[in-house]
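Report on one structure; see the data block that follows.
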2 protein chains.
Amino acid sequence: MKEVLPQFNSTFSIDCVVFGFDEGELKVLLIERNEEPFKDWCALPGNLVRVDESLDQSALRILKELTGLGDIFMEQFYTFGNVDRHPQGRVISIAYYALLRLGGDKALKPITSYAKKAFWKNISDLPKLAFDHQMIFEKGLEKIKRRIKHQPIAFELLPEKFTLTQLQNVYELIMGKKLDKRNFRKKMLSFGVLKELDEKQKGVSFRAATLYKFDRRKYAKLFGKEISF
Amino acid sequence: MKEVLPQFNSTFSIDCVVFGFDEGELKVLLIERNEEPFKDWCALPGNLVRVDESLDQSALRILKELTGLGDIFMEQFYTFGNVDRHPQGRVISIAYYALLRLGGDKALKPITSYAKKAFWKNISDLPKLAFDHQMIFEKGLEKIKRRIKHQPIAFELLPEKFTLTQLQNVYELIMGKKLDKRNFRKKMLSFGVLKELDEKQKGVSFRAATLYKFDRRKYAKLFGKEISF
DNA sequence: TCAAAAGTGTTCGTAATACACCCATGT
DNA sequence: ACATGGGTGTATTACGAACACTTTTGA
């Protein structure tokens, strides 16, 4: 076992698996590292936890620094603590997943010392990642696969107004399989948590689809009941 | 924020929510602390992680020190990291739940410096707990409530040979509700992972029940299929 | 008029639920 | 003989799965 880094008062860090949905693809946010170890490698965004912030606060801060965005849906999913996961010392990492609406091509701001740049990468086309980040990514993807069946997390990836086909698309990408259109719509609408809008999709060269929004009030009323999407 | 304790190279600890089933009751393992802070309070068993052991190894070691038992089913479920959760400094805690066969009245060995004694307590009758251990316990219980529906963890609480009524009892205690006997048996047997033995319960003053054991081989073959107990 | 996606119902099989009585055993 | 838990079947309902064609729109 190597020496613990002397500058670490508390040797734990946060790593984030940030999912985004855009152009029909499920993407994950990566950075290119600007520091040793693993300088110039791709990695999940992450950083040390400050001594005066909780784990949740730390995760939010890290994402805010990278994306400028504040109200992001995040959840802690696992803590990775193998002895040799960090080549310079004993650093455990608490992993979070986050779900992000991409829509308006929001600019990423990797103006942090440890990252050269940040970018989105399709999840089926990942480069080699630093540390044990490959494993963290995989466990994060598994987690949202299970979560999406029981909680309305898909809406976090979509704009406020979305079509049923877009919604189905998100489900298919996360679950990794095709779904039947009629069954999907029937079931999704049967929960009564989608509000049909008097508004249609625009700018498409075919029949415009109806837009819906997720009704958080109605969903809150269902709470306790196990929904199974 | 208080000063970080100087003796901590790595300021993280493990806490364990250890469930046991005995005499028809679901119990949790507690210790009585012998150290500040919270001296003389009841707490979940836990300790600092050593610099040369992984989190899983640490959790196993802590339980081995208390119970003398080695092959215990454990799983990490959440990491608690509020800034003020430890009154003496910044200490985050990685929480594990464990499931234990109680049967033969195995002796507990609380021969560790930090605990005066260890004992089992019915989960519906818990004392005030040190730190944020009440919250950790509750989140652990929630976790096994969800787990038991999809994974065969109930068997970890039972002796190798058990009756269907005992099994149902475990499910009812963890899920917190009564189940229908006929439906429970039909469903449980339909998975084909229980092996009926040529053996009956002994020492009871009524009709002896058939004993079963959990067939890990057959269960392994089902893997990938979502079982829903 | 063609291409591309939107939108829509029915059937079938399986799984979940509700429900009550007789049986075997030890005292 | 009685008390205690063991053990069993059926009918009803709800849910998931499979499946194909017509409609709308813009280019």
Side-chain angles (χ1 to χ4, degrees), chain A residues 21 23-25 145-146 148-150 158-159 161-173 175-213 222 224-229, chain B residues 21-25 146 148-150 158-159 161-173 175-213 222 224-229:
Chain A
F21 174 73
E23 296 166 17
E25 292 186 335
K145 266 188 199 178
R146 263 176 276 119
I148 202 173
K149 292 193 182 161
H150 303 288
L158 291 167
K161 301 171 182 182
F162 52 84
T163 69
L164 290 178
T165 301
Q166 287 170 333
L167 184 60
Q168 182 176 344
N169 205 214
V170 169
Y171 272 83
E172 288 178 342
L173 285 169
M175 308 199 347
K177 65 176 182 192
K178 287 273 165 209
L179 301 172
D180 179 85
K181 184 162 62 161
R182 280 173 291 190
N183 291 338
F184 179 81
R185 285 165 180 241
K186 200 191 324 171
K187 193 161 145 190
M188 201 52 73
L189 292 172
S190 75
F191 298 126
V193 298
L194 293 186
K195 191 176 188 171
E196 186 175 342
L197 302 176
D198 282 335
E199 213 174 329
K200 302 269 172 188
Q201 213 177 10
K202 275 174 191 159
V204 289
S205 72
F206 44 79
R207 176 175 178 180
T210 304
L211 291 170
Y212 289 79
K213 60 199 268 190
L222 292 181
K225 285 169 197 156
E226 276 276 308
I227 278 193
S228 185
F229 290 104
Chain B
F21 173 74
D22 198 24
E23 296 165 16
E25 293 185 334
R146 264 177 274 120
I148 202 173
K149 291 193 182 158
H150 303 286
L158 290 167
K161 301 171 183 182
F162 52 85
T163 69
L164 291 177
T165 300
Q166 287 170 334
L167 184 61
Q168 181 175 346
N169 205 213
V170 169
Y171 272 84
E172 289 178 341
L173 284 169
M175 310 201 344
K177 65 177 182 191
K178 286 274 165 208
L179 301 173
D180 179 86
K181 184 162 62 162
R182 280 174 291 190
N183 292 338
F184 179 81
R185 286 167 179 238
K186 202 192 320 174
K187 193 161 145 191
M188 201 52 72
L189 292 172
S190 76
F191 299 126
V193 298
L194 294 185
K195 191 175 189 172
E196 186 174 344
L197 302 177
D198 282 335
E199 215 174 326
K200 302 267 173 189
Q201 214 178 10
K202 276 175 189 158
V204 288
S205 72
F206 43 80
R207 178 174 177 182
T210 303
L211 291 170
Y212 288 80
K213 60 199 269 190
L222 292 182
K225 286 169 198 156
E226 277 276 309
I227 279 194
S228 185
F229 290 104

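In the text below, chain A, chain B and the rest are named by the order of the sequence lines, each starting its count at 1.
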I need the [atom1]-[atom2] distance between [X] and [N], as an integer number of Å.
X: A:K202; N: D:dT24; atom1: NZ; atom2: P; value: 20 Å
X: A:D180; N: C:dG7; atom1: CG; atom2: P; value: 15 Å
X: A:L179; N: D:dA18; atom1: CG; atom2: C1'; value: 13 Å
X: B:K178; N: C:dC19; atom1: NZ; atom2: P; value: 17 Å
X: A:R182; N: D:dA18; atom1: CZ; atom2: C1'; value: 8 Å
X: A:F184; N: D:dG16; atom1: CZ; atom2: C1'; value: 15 Å
X: B:N183; N: D:dA14; atom1: CG; atom2: P; value: 16 Å
X: A:L211; N: C:dG7; atom1: CG; atom2: C1'; value: 15 Å

Hey, is the side chain of A:T210 poking within less than 4.0 Å of OP1 or OP2 on C:dA6, counting only N and O atoms?
-> no

Does the side chain of B:S205 get closer than 4.0 angstrom to OP1 or OP2 of D:dG5 through an N or O atom?
-> no

DNA chain C contacts among residues 185-200 of chain A, heavy-atom distance under 4.0 Å | A:R185, A:K186

To the closest 0.5 Å, what do you measure between [atom1] ([X]) and [atom2] ([Y])?
X: B:R185; Y: B:L179; atom1: CZ; atom2: CG; result: 12.0 Å
X: A:D180; Y: A:K186; atom1: CG; atom2: NZ; result: 8.0 Å
X: A:Q166; Y: A:Y212; atom1: CD; atom2: OH; result: 12.5 Å
X: A:K181; Y: A:L164; atom1: NZ; atom2: CG; result: 10.0 Å

Of B:A209 and A:A208, the one whose closest DNA chain D nucleotide lies more 5' | B:A209

Given DNA chain C, 5'-ward residue of the pair A:L164 and B:V204, judged by closest heavy atom = A:L164

May I ask you to verify whether the side chain of A:R207 and the base of C:dA6 hold a donor-acceptor pair under 3.5 Å?
-> yes

Side chains of [X] and [Y], heavy atoms from C-beta outward: is any pair under 4.5 Å?
X: B:M188; Y: B:Y171; value: yes
X: B:T210; Y: B:T163; value: no
X: A:F162; Y: A:N169; value: no

